[in-house]
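Every chain is numbered from 1, with letters handed out A, B, ... down the list of sequences. Treat the numbers as computed from the prediction; the structure is a model and nothing was measured.
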There are 2 protein chains.
Amino acid sequence: MPAARPPSDGGTRDRIRDAAVLRFARSGFDASVRAVAADAGVSAALVIHHFGSKDALHRACDEHVLAWIVASKRHNMGRATGGQLLQVLAESDEYAPLLGYVMRSLQSGGDVARAFVQHMIDDARVYVREAVADGIAKPSVDEDARARYLTLSALGTLSLSLTLDPPDDPENFSATLRTFLAEQYLPMIEMFAQGFLTSRRMLDDYLLYLSDPPTGGEPDDAPATATTSEEP
Amino acid sequence: MPAARPPSDGGTRDRIRDAAVLRFARSGFDASVRAVAADAGVSAALVIHHFGSKDALHRACDEHVLAWIVASKRHNMGRATGGQLLQVLAESDEYAPLLGYVMRSLQSGGDVARAFVQHMIDDARVYVREAVADGIAKPSVDEDARARYLTLSALGTLSLSLTLDPPDDPENFSATLRTFLAEQYLPMIEMFAQGFLTSRRMLDDYLLYLSDPPTGGEPDDAPATATTSEEP
DNA sequence: GCACCGACTGAACGCGTGTTTAGTCTGTTG
DNA sequence: CAACAGACTAAACACGCGTTCAGTCGGTGC
């Protein structure tokens with residue numbers, strides 16, 4: 001007979017899954033089944049009974065978090081521009097632990113990481129296109145590549161920053177994100193606003209180089225009359 | 001009696017350490033002591049005999065890789081600009097596995113990761129300062145923050161990219177890095193050359209906001225007379 | 001010769017892991 | 001009531017791990 005636990009709160013299986021998401025976010029995916037079980041207030045055997053194996057539990061957590069990502073994106077659509085999406089999500093204390101799970105996945109790879117990043121890239125593509133149409137952002141030679149780079153860069157910088165000095169309180173993702181932005185927002189926006197180089201020369205040289213590759217097949221547009229440019 | 005192994009090549013301890021660096025780079029730091037021992041052609045007990053514990057072996061690998069970083073930086077100084085440092089290092093097949101080790105550390109955190117990143121930041125500071133002095137790069141409001149951001153951004157993007165789709169052959173870092181650059185070089189240099197936004201407005205607004213914070217203590221320079229700017 | 005020492009090994013120990021087993025309890029269904 | 005089903009657990013199992021133990025080898029100093 002279990003002691004001081006609500007006899008039927010909303011499905012023991014879900015409670016175990018939620019506890020697992022939280023524990024994985026806190027301690028990484030090496031956390032033991034027994035630790036998850038203890039968090040959920042059940043025995044380790046019951047975890048296996050409900051999910052079959054630890055791997056299957058991991059997959060169930062992935063699916064749950066992934067479903068949440070899709071749902072919350074649909075809900076928050078239009079409420080924030082691309083750059084502030086994470087911030088808006090993190091503000092909600094309810095969803096913060098789920099973002100912790102996503103950050104863990106980002107460090108470990110796997111399907112959630114890929115799917116999450118792909119969603120972010122798709123969003124970025126939309127936001128960037130709108131920004132270009134509104135005259136806020138400069139156009140790019142390859143919009144898809146830029147959206148991908150911007151996303152990988154933002155998430156990679158955040159992930160590496162968190163890995164290098166882990167936050168004191170991984171639970172409160174909102175505070176963690178604020179700390180990160182307080183450090184990186186200035187150089188980031190400076191880069192966005194004015195770039196880094198004083199001239200377009202390097203870019204133009206590389207574009208020329210692309211249109212006249214030194215080896216392999218020919219490109220798909222320019223007739224390529226210029227060489228790799230050596231005059232000033 | 002050991003069978004077909006050179007009786008004295010250069011110290012068994014060093015051979016074990018080198019094997020460990022390689023194995024950790026390939027399989028991560030969860031690789032077992034027995035696996036390292038098998039790679040080195042010795043027994044697991046001998047590994048412990050020489051290093052005391054697996055943790056100590058890990059630390060020895062860290063120190064070795066760290067020492068290599070310092071030495072090779074000293075050697076390669078001036079041979080490459082900041083952005084191409086990694087590329088130059090990766091070209092040398094001899095050092096490629098060590099870079100694999102560094103990338104693993106970047107994903108796992110710890111002292112090597114911090115020290116490596118700090119070295120890269122220090123280098124970036126120098127290179128950026130020279131670039132600004134030569135008129136190649138635009139000056140920044142906070143040069144240190146920019147050097148830090150540029151480094152974290154570059155390494156974070158690379159690390160995340162490698163985590164999301166791990167290379168087929170983690171051994172030769174050179175090919176891996178070429179693949180990465182082939183995908184990301186264009187949007188990267190585009191960002192460096194022209195930035196992203198069409199106007200400095202967001203940056204200037206943020207600078208004004210910094211000089212007149214809405215709460216807490218006052219800043220250290222401007223007398224802060226402007227509000228948070230709402231006119232065009 | 002003989003004692004000593006460090007390199008080195010195979011076998012074992014202790015522990016934590018994921019998983020299985022056997023069984024108890026509770027609610028439902030005939 | 002009897003029979004079944006599923007939630008749930010304590011105990012055990014099998015395994016891989018880092019580490020320890022007891023002992024063998026080969027070289028060196030006396």
Side-chain angles (χ1 to χ4, degrees), chain A residues 1-64 101 104-105 108 110-111, chain B residues 1-64 101 104-105 108 110-111:
Chain A
M1 166 183 55
R5 209 177 335 117
S8 78
D9 35 73
T12 308
R13 208 190 113 106
D14 289 2
R15 208 177 65 243
I16 294 178
R17 173 181 34 67
D18 293 347
V21 169
L22 221 72
R23 167 91 345 212
F24 285 153
R26 244 178 273 161
S27 314
F29 296 107
D30 289 339
S32 72
V33 171
R34 283 174 175 84
V36 171
D39 288 353
V42 299
S43 70
L46 188 62
V47 177
I48 301 296
H49 171 70
H50 275 300
F51 293 90
S53 72
K54 185 189 179 180
D55 253 32
L57 170 63
H58 190 158
R59 281 194 298 272
C61 291
D62 282 1
E63 288 173 19
H64 181 239
Y101 186 95
R104 282 286 177 190
S105 298
S108 309
D111 290 339
Chain B
M1 165 184 54
R5 207 175 336 116
S8 77
D9 36 74
T12 308
R13 209 191 112 106
D14 289 2
R15 208 177 63 245
I16 294 177
R17 172 182 34 67
D18 293 348
V21 169
L22 222 72
R23 167 76 16 205
F24 286 152
R26 243 178 275 161
S27 314
F29 296 107
D30 289 339
S32 71
V33 170
R34 284 174 174 85
V36 171
D39 289 352
V42 300
S43 70
L46 189 61
V47 177
I48 300 296
H49 171 71
H50 276 300
F51 292 90
S53 72
K54 186 190 180 179
D55 254 32
L57 171 63
H58 190 158
R59 282 194 297 272
C61 291
D62 282 2
E63 288 174 19
H64 181 239
Y101 186 96
R104 282 284 177 191
S105 298
S108 308
D111 289 340

* **No-H, no-angle donor-acceptor pair, A:Arg34 side chain to C:dG16 base, under 3.5 Å** => no
* Position toward the 5' end of DNA chain D (nearest nucleotide), B:Ser53 or A:Ala44 -> A:Ala44
* To do: Take the angle between the ring planes of A:Tyr101 and A:Phe29 and call it parallel below 30°, perpendicular above 60°, tilted in between.
  => perpendicular
* Any donor-acceptor N/O pair, B:Arg23 side chain to B:Val36 backbone, under 3.5 Å -> no
* What is the distance from CD1 of B:Ile16 to P of D:dG18, rounded to the nearest Å? -> 14 Å
* To do: Starting from P on D:dA7, measure out to CZ on A:Phe51 and report it in whole angstrom.
  => 12 Å
* **Under 4.0 angstrom between B:His49 side-chain N/O and C:dT9 OP1 or OP2** => no
* Please tell me which of the listed nucleotides, C:dT9, C:dC8, D:dC8, lies nearest to the side chain of A:His50? => D:dC8
* How long is the line joining CG of B:Leu46 and C1' of D:dT20, in whole Å? -> 14 Å
* To do: Give a yes or no on whether a salt bridge exists between B:Arg17 and B:Asp14, defined as a side-chain N under 4.0 angstrom from a carboxylate O.
  => yes
* How would you label the contact of A:Ser32 with the nucleic acid (heavy atoms, under 4.0 Å): base, sugar-phosphate, or nothing? -> sugar-phosphate
* Structure fact -> Closest to the side chain of A:Ile48, out of C:dA7, C:dT20, D:dG18, is C:dT20
* Asked: Out of D:dC8, C:dG18, D:dT20, which nucleotide sits closest to the side chain of A:Thr12?
  -> D:dC8
* Calculate the interatomic distance between A:Arg15 atom CZ and D:dC8 atom C1'; express it in whole Å. => 11 Å
* Between P of D:dC8 and CZ of A:Arg13, the distance in whole Å -> 12 Å
* To do: Kindly say whether B:Ala44 contributes a backbone atom to a donor-acceptor pair with the side chain of B:Arg34 at under 3.5 angstrom?
  => no
